[in-house]
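What you see is a predicted model, and the numbers here were worked out from it, not measured in a lab. Per chain, numbering begins at 1; letters A, B, ... match sequence-line order.
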Amino acid sequence: MARRLTFHIFRYNPQDPASSPHTDLFRLEETDSMTLFIALSRIREEQDPSLQFDFCCRAGICGSCAMVINGRPGLACKTLTKDLPEDITLMPLPVFKLIGDLSVDTGTWFRAMNERVGSWIHTSKSFDPNGEEERMDNAVAEEIYELERCVECGCCVAACGTANMRADFMGAVALNRIARFMLDPRDQRGDKEYFDVIGTDEGIFGCMGLLGCEDVCPKNLPLQDQLGILRRKMGWTAVKKLFRFVK
Amino acid sequence: METILTDLLCIGAGLAGERVAVEVASNGFSTICLSIVPPRRSHSSAAQGGMQAALGHCTMGAGDCPDVHFLDTVRGSDWGCDQEVARMFVDTAPIAVREMAFWGIPWNRVVPGKSSYFKGGQKYEKVEPGERKGLITARDFGGTAKWRTCYTSDGTGHTLLYTMDNKVVELGVTVHDRFEAIALIHDGETCTGAVARCLKTGQLRVYLAKATLIATGGYGRIYRETTNAVINDGSGAILALDTEVVPIGNPEAVQFHPTGIVPTNILVTEGCRGDGGTLLDVNQERFMPQYEPQKAELASRDVVSRWMTHHIRQGFGIKSPYGDHLWLDIRHLGAQHIKTKLREVDEICNNFLGVDPVTQLIPVRPAQHYSMGGVRTNKDGAAYGLKGLFAAGEAACWDMHGFNRLGGNSLAETIVAGKIVGERIAEFLKGYETQFKTNTVRDRLAHEEDRIQRLRARSAGKENAFQVRDAMQIELMEHVGIFRNGTDLQKAVDTLQEIYARAQRVGLRSNGIGANPELGLALKIEGMLQLAICVAYAALQRTESRGCHAREDFPARNDRDWLTRTLATWQKGHDLPTLDYEPASKVLDLAPGERGYGVCKIISCDGEIIGD
Ligand SMILES: Cc1cc2nc3c(=O)[nH]c(=O)nc-3n(C[C@H](O)[C@H](O)[C@H](O)COP(=O)(O)OP(=O)(O)OC[C@H]3O[C@@H](n4cnc5c(N)ncnc54)[C@H](O)[C@@H]3O)c2cc1C
Ligand code: SF4
Ligand code: SF4
Ligand code: FES
């Protein structure tokens, strides 16, 4: 017997003066291999065409579809209904600005984050179209890739106690990004420059180490390790800075 | 009404749009990118395989050079491509790959020493030389003579797009994400920007630009089963068709991939079959050997897709709530192999199907994969028909893919075309002045506001936009799919015309306020149907088989009559496109001949019959 699922979905359209925040109930018969992407698309197309939510790749790759699923941030396209109880509660991610219903504005947040951490290779060299590429060890390339797998879904930010309390906290995702560039031999920034970006309460020293972030990361990024490494490095840089100052 | 002025308006912020933006912004011009989603979520991020460039660093790529890449590309296109463009493309690709390395891509590198690899289920050994250590390496892809596909593990598109967007951030290029262009602003001769709808608030905004670029990606979503992202619904082609003067090149050239998983059509790699996986039917029996005794599951992409569809039509498909499908069986490869060599397949099956491929069968069927057709441009990326309009990437028909795109050639196209077209646009902008005609802008805006008003008021009718879209997708899938024939195509054209009439009577069921998703679809459903009819009608007219276009009633490739590119435009009030033709290539560096795989009966330019 197929289960009959009940969806409790947060609804609010800030553009509509007649709308106020509430929860709507939708019922759906479960089908084989049903994901939340399939379920929500069906609800929109068969029951309420105004329902707002975001999907793009529907394959767990692009990071569009993060939402709070029965209390836990995750990617909706990757979530099978068979792994959930019959009652499913869906809420938009906190921290990010609400666009409507389950849709939030991650684009603005992540662009600002990328600007803030200087998320690009900082180098004084210029590209020579006729030359050979700079060589790199394959192991280094693979290590960089491991940290670059983040899809900017925002789950770690939504699950982070600090980020929920203070809007200026950069979040594990930003710290992971910095770690990615610190690993990269092409980036010429030194420890001091990195420290200037993240050596504050808005960065590494604001992190309480509760690790809500790593638990929810759908890409299983080693956020905990990176936070640890950074904290040690930054602590050391802080000491050196102080020392120089005293001298 | 907010109006924004810029030198270049890029409609689309995937790899192609951003590469153009980077080039133009680096030349000092103001540049704005629009995107339906934040740029890093564009479909480019989903490409896993890699990007072709003839570097020739790894052992299996030794001796590779742009000339060999050129031969592969032209053959792959079944001589449907523009050879001048293919030449520019192969020459620039190595530079483009190195430039991406300079900007931060962690390309996989040559590791000296012995290693093993599989081919056709067999294990072989290779040795990488010490002096190449640390240079960009490559992997094997179908249709190429050498290992030429540069990659970063299984996330090539992701790293390319993130690196490109990093560059966009570094240069301070403005991106307006969640803005969807819904109409071009033009007077029939010159394009001067676009009207866009904000997908946060629902407000319209006017963008005035000296140059406008369409880089909106493919249009797979006009088909029901596609590997494409949900936003790839052809809005770039629709913008072009709506002008009445800008043609879509080769709309009938649509590529299918054999193994999309059911129900979500996420791609599982060809490697499954390469490593020895088999296809089974409803009786759990292999069927490919009966059709292709020699190559069986390892025949070329389009051939396997064709037989799978045929077998389902014979009643051997497995019924499911999502339609009929077949099985892919990789169980016999063993857990060890699956969890290492096919790790990604293992994850996709577990995550999206709740199926463990080590012990269970994978439901698959062919799915639409790539749009070779698109906004027709010249080799500089300038669109035919309107001054100031350009196109690049999958949205364009630049045309180095002709009738079949080789794996890895699309990521390469986005970046190479982006670079070249970007340079040309910068040249175009130098000293260029245009006039923004207030009546043109006002009329266009009023027209869009009126459309929205009418949809909300349901003044044209009460047709349900989602149902109209479904009907269109089914019709294309059933009758303009992998196999084509005159009867089915005619049926499709007729049915699509009826659906087009319904599309003109769509009315909203919801209130349409704000970022309303139903309104988003309703605004482009007519255009989607025009595009669908272009695909079906152009396929009906092309009485030959070339690349992915397989006519059961005309199985030969006919160079005598069809060494041409289709150009489709749409006149207001018509229910069929106007089709024109131009030579596939002005220059024939490589004279038409056999591809070396697939069907080989050819009617040559002088009418001689080759093969068969
Ligand atoms: C599953 C899959 C795997 C693939 N793997 C490979 C591979 O391994 N190698 C390879 O070479 N190719 C591969 N391809 C093909 C390749 O990924 C694409 O062809 C390529 O990335 C397209 O890039 P693009 O920049 O043209 O478009 P996209 O990346 O699709 O970007 C389109 C942009 O346009 C925006 N947009 C669309 N419409 C509008 C509008 N109306 N207004 C404003 N913005 C708009 C979107 O928001 C987006 O930013 C694969 C394709 C698929 C589907
Ligand atoms: S460990 Fe730090 S970044 Fe992660 S959730 Fe806790 S406070 Fe946030
Ligand atoms: S680190 Fe993980 S959870 Fe955070 S944004 Fe990236 S992918 Fe999402
Ligand atoms: S839709 Fe792309 S990750 Fe879910």
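In this structure, chain A has heavy atoms under 4.5 Å from both the backbone and the side chain of B:N351. For B:V97, no part sits under 4.5 Å from any heavy atom of chain A, backbone or side chain. Both the backbone and the side chain of B:V169 come within contact range of chain A, each with at least one heavy atom under 4.5 Å from a heavy atom of that chain. When heavy atoms are compared at a cutoff of 4.5 Å, A:R44 approaches chain B by way of both its backbone and its side chain. Contact annotation for A:I38: only side-chain heavy atoms (C-beta onward) come within less than 4.5 Å of a heavy atom of chain B. When heavy atoms are compared at a cutoff of 4.5 Å, B:Q467 does not approach chain A at all. Heavy-atom distances place the backbone of A:S126, and not its side chain, under 4.5 Å from chain B. With a 4.5 angstrom heavy-atom cutoff, B:N350 touches chain A only via backbone atoms. Of the atoms belonging to B:R469, it is side-chain heavy atoms, and not backbone ones, that fall under 4.5 Å from chain A. Interface remark: A:V140 contributes no atoms to any contact with chain B (heavy atom separation under 4.5 Å). Both the backbone and the side chain of B:V175 come within less than 4.5 Å of a heavy atom of chain A. Heavy atoms of B:N511 lying under 4.5 Å from chain A belong exclusively to its side chain. Both the backbone and the side chain of A:N114 come within contact range of chain B, judged by heavy atoms closer than 4.5 Å. At a 4.5 Å heavy-atom cutoff, B:L508 makes no contact with chain A through either its backbone or its side chain. Interface residue A:S119: backbone and side-chain heavy atoms are both found under 4.5 Å from chain B. Neither the backbone nor the side chain of B:L519 comes within contact range of chain A, judged by heavy atoms closer than 4.5 Å. When heavy atoms are compared at a cutoff of 4.5 Å, A:E143 does not approach chain B at all. Neither the backbone nor the side chain of A:C65 has a heavy atom closer than 4.5 Å to any heavy atom of chain B. Contact of A:E134 with chain B is made through the backbone alone, with heavy-atom distances under 4.5 Å. Heavy atoms closer than 4.5 Å to chain B are found nowhere in A:K97, neither backbone nor side chain. In this structure, the portion of A:F37 lying under 4.5 Å from any heavy atom of chain B is its side chain and not its backbone. Using a 4.5 Å cut-off between heavy atoms, A:V117 does not touch chain B at all. Looking at A:R186, only its side chain comes within 4.5 Å of chain B, counting heavy atoms on both sides.
Contact tally against chain B (heavy-atom pairs below 4.5 Å) for A:K82, A:E132, A:R111: the top residue is A:R111. No other option in B:P38, B:A229, B:P94 has as many heavy-atom pairs under 4.5 Å with chain A as B:A229. Heavy-atom pairs under 4.5 Å with chain B peak, among A:P129, A:A18, A:S64, A:P14, at A:S64. Put simply, of B:G104, B:G155, B:P321, B:G172, the one with the most heavy-atom pairs under 4.5 Å next to chain A is B:G104. Heavy-atom pairs under 4.5 Å with chain B peak, among A:F181, A:Y145, A:F110, at A:Y145. Among B:T159, B:V168, B:I231, the residue with the largest count of heavy-atom pairs under 4.5 Å with chain A is B:T159. Each of B:I136, B:V37, B:V111 has some count of heavy-atom pairs under 4.5 Å with chain A, and the biggest count is that of B:I136. When each of B:Q203, B:H57, B:E99 is checked for heavy-atom pairs under 4.5 Å with chain A, B:E99 comes out on top. For the set A:S19, A:C57, A:S103, A:G63, the count of heavy-atom pairs under 4.5 angstrom toward chain B peaks at A:G63. In terms of non-hydrogen atom pairs under 4.5 Å with chain B, the most contact-rich of A:S41, A:G107, A:C62 is A:C62. When the candidates A:G100, A:A59, A:G60 are compared by the number of heavy-atom contacts under 4.5 Å with chain B, A:A59 comes out ahead. Heavy-atom pairs under 4.5 Å with chain A peak, among B:L161, B:T201, B:T163, at B:T201.
Note that the CD atom of B:E128 and the CG atom of A:N138 stand 10.5 Å from one another [nearest 0.5 Å]. Atom SG of A:C56 is separated from atom CG of B:N228 by 10.0 Å, given to the nearest 0.5 angstrom. From A:F127, atom CZ reaches atom CH2 of B:W103 across 8.5 Å, with rounding to the nearest 0.5 Å. Once rounded to the nearest 0.5 Å, the distance linking OG of B:S153 with CD1 of A:I144 reads 11.5 Å. Rounding to the nearest 0.5 Å gives a distance of 10.5 Å between CH2 of B:W107 and CD of A:E133. Atom OH in B:Y322 sits 2.5 Å away from atom OG1 in A:T31 (nearest 0.5 Å).
Counting only heavy atoms from C-beta outward, the side chains of A:S33 and B:P263 approach each other to under 4.5 Å. Within the 4.5 Å cutoff, the side chain of A:T123 has heavy atoms near those of the B:F102 side chain.
Formation of a donor-acceptor pair under 3.5 Å by the B:Y162 side chain with backbone atoms of A:V151 is found in this model. When atom types are taken as modelled, the side chain of A:N13 and the backbone of B:I513 share a donor-acceptor pair closer than 3.5 angstrom.
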I'd like to know whether B:R178 forms a salt bridge (Lys or Arg N to Asp or Glu O under 4.0 Å) with A:D54, so could you lay out the CA-CA distance, the side-chain angles of the two residues, the decisive distance to 0.1 Å, and finally the verdict.
CA-CA 11 Å; B:R178 290 181 187 263; A:D54 295 315; 2.7 Å; yes
Residue pair A:S50, B:N516: steps toward the side chain to side chain donor-acceptor pair (under 3.5 Å) verdict
CA-CA 6 Å; A:S50 71; B:N516 182 285; 5.1 Å; no
Test B:R41 against A:T106 for side chain to side chain donor-acceptor pair (under 3.5 Å), laying out the working first.
CA-CA 11 Å; B:R41 311 221 189 286; A:T106 47; 3.0 Å; yes
Step-by-step side chain to side chain contact (heavy atoms under 4.5 Å, CB included) determination, A:R58 to B:N265:
CA-CA 9 Å; A:R58 54 82 181 97; B:N265 298 301; 4.1 Å; yes
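Identified by a heavy-atom distance below 4.5 Å to chain B, the contributing residues of residues 72-80 of chain A are A:C77, A:K78, A:L80, in residue-number order.
Pairing each heavy atom of A:C150 with each of B:H158, the nearest pair is O-CE1, 3.0 Å. Smallest separation of non-hydrogen atoms from B:R98 and A:G131: CD-O, 3.5 Å. When all heavy atoms are compared, the tightest approach of B:P517 to A:P49 is CG-O, 3.4 Å. Summarising the geometry of B:Q48 relative to A:I61, their closest heavy-atom pair is NE2-CD1, 3.8 Å, with the distance given to 0.1 Å.
Remark: B:R509 does not engage A:D48 in a salt bridge, criterion side-chain N to carboxylate O under 4.0 Å. Contact check on B:K200 versus A:D105 returns a salt bridge, with a Lys/Arg side-chain nitrogen under 4.0 Å from an Asp/Glu carboxylate oxygen.
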